[in-house]
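Here, residue 1 is the first one in the sequence, and each next residue gets the next number.
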Amino acid sequence: THYMEEYWPDAERFDPERPAANRDLLDEGTLSVARFGADGHLDWLPLVWGEGPLNPENGFHGPADVVIEARRAADLLGATPMDRPEDIETNPTTGRVYVVLTGNAFRGAAQTDGPNPRGPNLSGHILELIPPGGAGVDHGAERFLWNILLLAGQPRSANSAVSADGWLANPDNLAFDPRGRLWIATDTATAARGFANGLWARELAGPRRAVTRYLLWAPALAEVRGPWFSPDDTTLFVSIQHSGADFLRHDLCPARNPLARFCAWTPASFGGGRDHQGRWWPERWPRGAGVTIRPACAPRSRRTPRPR
């Protein structure tokens, strides 16, 4: 069971100009867990020892027990189990909060609810949380609004503006560029959907709010992690993890890959051979990498044709 939690310190706010003052921010504060309502509201439930069921009768003999067994404490308070929340990021231009739910193959059809509408959830989805306050966003409020921003997976609608190459599965990490556009990195899409993971961009306002665009695809069986933009908006940094790591499932790619051109990995690419059980052991293990992406500084030059 996974829950979405927040921690609100009692001390001053984080101040990037005062590193020494930030060291004690986590010493005292309140840990809360999210409960999603069917009416589109989210309530933060404080996990405070001695309040409600968080007492010695239920095995909580002090604040430390609540923190150590936060998951059981959340069960008792009636928090909402979520489909593997992997990342939570705040849009710097609007203050809205976005939650990645990568997927949950163990959720049954009878266990679905508003924020987790599919069971099993093989493709994942993204939630949008709206704190109160308008322009003066209050992230410390006890109640937010919520909606589903994206249900990942192959679009079913014939009117979808997403092309065959534009849809994604298993969102895992998020980032925002300085203009407030959302960038989505994925993981486990190879196993779940048979094509390589990658990085997608999405507008959050206007007529293209529902459209995802495919920018970067990873080597087969690799995960895309940690997208981050430089403050001057000139460089995008992306991490590529465990390329070709799952050699026991090399049959997923390219043999079953609907986007075969994005997936050039084969066992022979790394040498080695099979053992007596038929498992492939490579001679040269693939390595992770950090990738930088920058726009072209100038148009590509054109050659002047030679006179004949």
Q: For V224 and I240, run side chain to side chain contact (heavy atoms under 4.5 Å, CB included): C-alpha distance rounded to whole Å, both residues' side-chain angles, the deciding distance at 0.1 Å, then the answer.
A: CA-CA 5 Å; V224 179; I240 305 298; 4.1 Å; yes
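- L199 and L236 get closest at one heavy-atom pair: CD2-CD2, 3.6 Å.
- Across all their heavy atoms, N197 and A222 have their closest contact at ND2-O, 2.7 Å.
- A donor-acceptor pair under 3.5 Å links the side-chain atoms of N58 to the main chain of P53, judged by distance alone.
- Annotation for E142: atom CD does not count as buried by contact number, only 12 or fewer foreign heavy atoms lying within 6.0 Å.
- Under the 4.5 Å side-chain heavy-atom criterion for Ile, Leu, Val, Met, Phe, Trp and Tyr, F14 and F176 are members of distinct hydrophobic clusters.
- At a threshold of 4.5 Å between non-hydrogen side-chain atoms, the residues P132 and F144 count as touching.
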Q: Test R84 against D172 for side chain to side chain contact (heavy atoms under 4.5 Å, CB included), laying out the working first.
A: CA-CA 9 Å; R84 198 175 134 203; D172 190 71; 4.2 Å; yes
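- For N91 against G180, the heavy-atom pair with the smallest separation is ND2-O, 3.3 Å.
- Judged purely by atom type and a 3.5 angstrom limit, N170 uses its side chain to pair as donor or acceptor with the backbone of L122.
- Shortest non-hydrogen contact noted between E203 and R213 is OE2-NH2, 3.5 Å.
- In this structure, T30 and V48 have side chains that are in contact, with non-hydrogen atoms separated by less than 4.5 Å.
- A donor-acceptor pair under 3.5 Å links the side-chain atoms of N55 to the main chain of G52, judged by distance alone.
- Considering CG of D138 and CZ of R143, their distance stands at 14.0 Å, rounded to 0.5 Å.
- Across every non-hydrogen atom of A169 and A152, the tightest pair is CA-CB, 4.0 Å.
- Geometrically, R181 does not engage F229 in a cation-pi contact defined by less than 6.0 Å to the ring centre and at most 45° from the axis.
- Looking only at side-chain heavy atoms (C-beta outward), N22 and D15 come within less than 4.5 Å of each other.
- Hydrophobic clustering (ILVMFWY, side-chain heavy atoms < 4.5 Å, transitive): M82 and L129 are in one cluster.
- Without hydrogens or angle criteria, S239 side chain to G226 main chain gives no donor-acceptor distance under 3.5 Å.
- Ring-plane geometry between Y214 and W200 is classed as parallel, the angle between the planes falling under 30 degrees on a 0 to 90 degree scale with a further cut at 60.
- In terms of heavy-atom proximity, G59 sits nearest to E69 at O-OE2, 4.5 Å.
- Counting heavy atoms from C-beta outward, L215 and W183 have side chains that approach closer than 4.5 Å.
- The main-chain N or O of I126 is never found under 3.5 Å from a side-chain atom of Y98 such that the two would form a donor-acceptor pair.
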Q: Might you work through the side chain to side chain contact (heavy atoms under 4.5 Å, CB included) test for F106 and Q111, ending with a clear yes or no?
A: CA-CA 10 Å; F106 300 102; Q111 299 171 311; over 6 Å; no
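- With contacts defined as side-chain heavy-atom distances shorter than 4.5 Å, the pair W44/M4 qualifies.
- Here the straight-line distance linking atom OG of S123 with atom CG of N104 works out to 12.5 Å at 0.5 Å rounding.
- The aromatic rings of W228 and F237 sit tilted relative to each other, their planes meeting at an angle between 30° and 60°.
- In this structure, R118 contributes its side chain and G124 its backbone to a donor-acceptor pair below 3.5 Å.
- In terms of modelled atom types and a separation under 3.5 Å, the side chain of H125 and the main chain of P115 share a donor-acceptor contact.
- Within the 4.5 Å cutoff, side-chain heavy atoms of N173 are placed close to those of P227.
- The cluster map of Ile, Leu, Val, Met, Phe, Trp and Tyr, joined by side-chain heavy atoms under 4.5 Å apart, puts L204 and L174 in the same cluster.
- Within the 4.5 Å cutoff, side-chain heavy atoms of T80 are placed close to those of N116.
- Without hydrogens or angle criteria, T212 side chain to R202 main chain gives no donor-acceptor distance under 3.5 Å.
- In this structure, the separation between CG on L45 and CG on L47 is 7.5 Å, given to the nearest 0.5 Å.
- With L127 as the fixed residue, the side chain to side chain contact (heavy atoms under 4.5 Å, CB included) test singles out one of N147, V97, L101, L149: L101.
- The shortest distance between side-chain heavy atoms of L31 and V66 does not fall below 4.5 Å.
- Here the side chain of N121 pairs no donor or acceptor atom with the backbone of P117 at under 3.5 angstrom.
- Under a hydrophobic clustering in which Ile, Leu, Val, Met, Phe, Trp and Tyr are joined whenever their side-chain heavy atoms come within less than 4.5 Å, directly or via other members, L168 and W217 fall into the same cluster.
- Taking CG of L145 as the start and CD of E128 as the end, the distance is 10.0 Å to the nearest 0.5 Å.
- Proximity of a side-chain donor or acceptor of R179 to a complementary backbone N or O of D233 within less than 3.5 Å is not detected.
- In the hydrophobic clustering of this structure, I68 does not group with W49; members are Ile, Leu, Val, Met, Phe, Trp, Tyr whose side-chain heavy atoms approach within less than 4.5 Å, directly or through other members.
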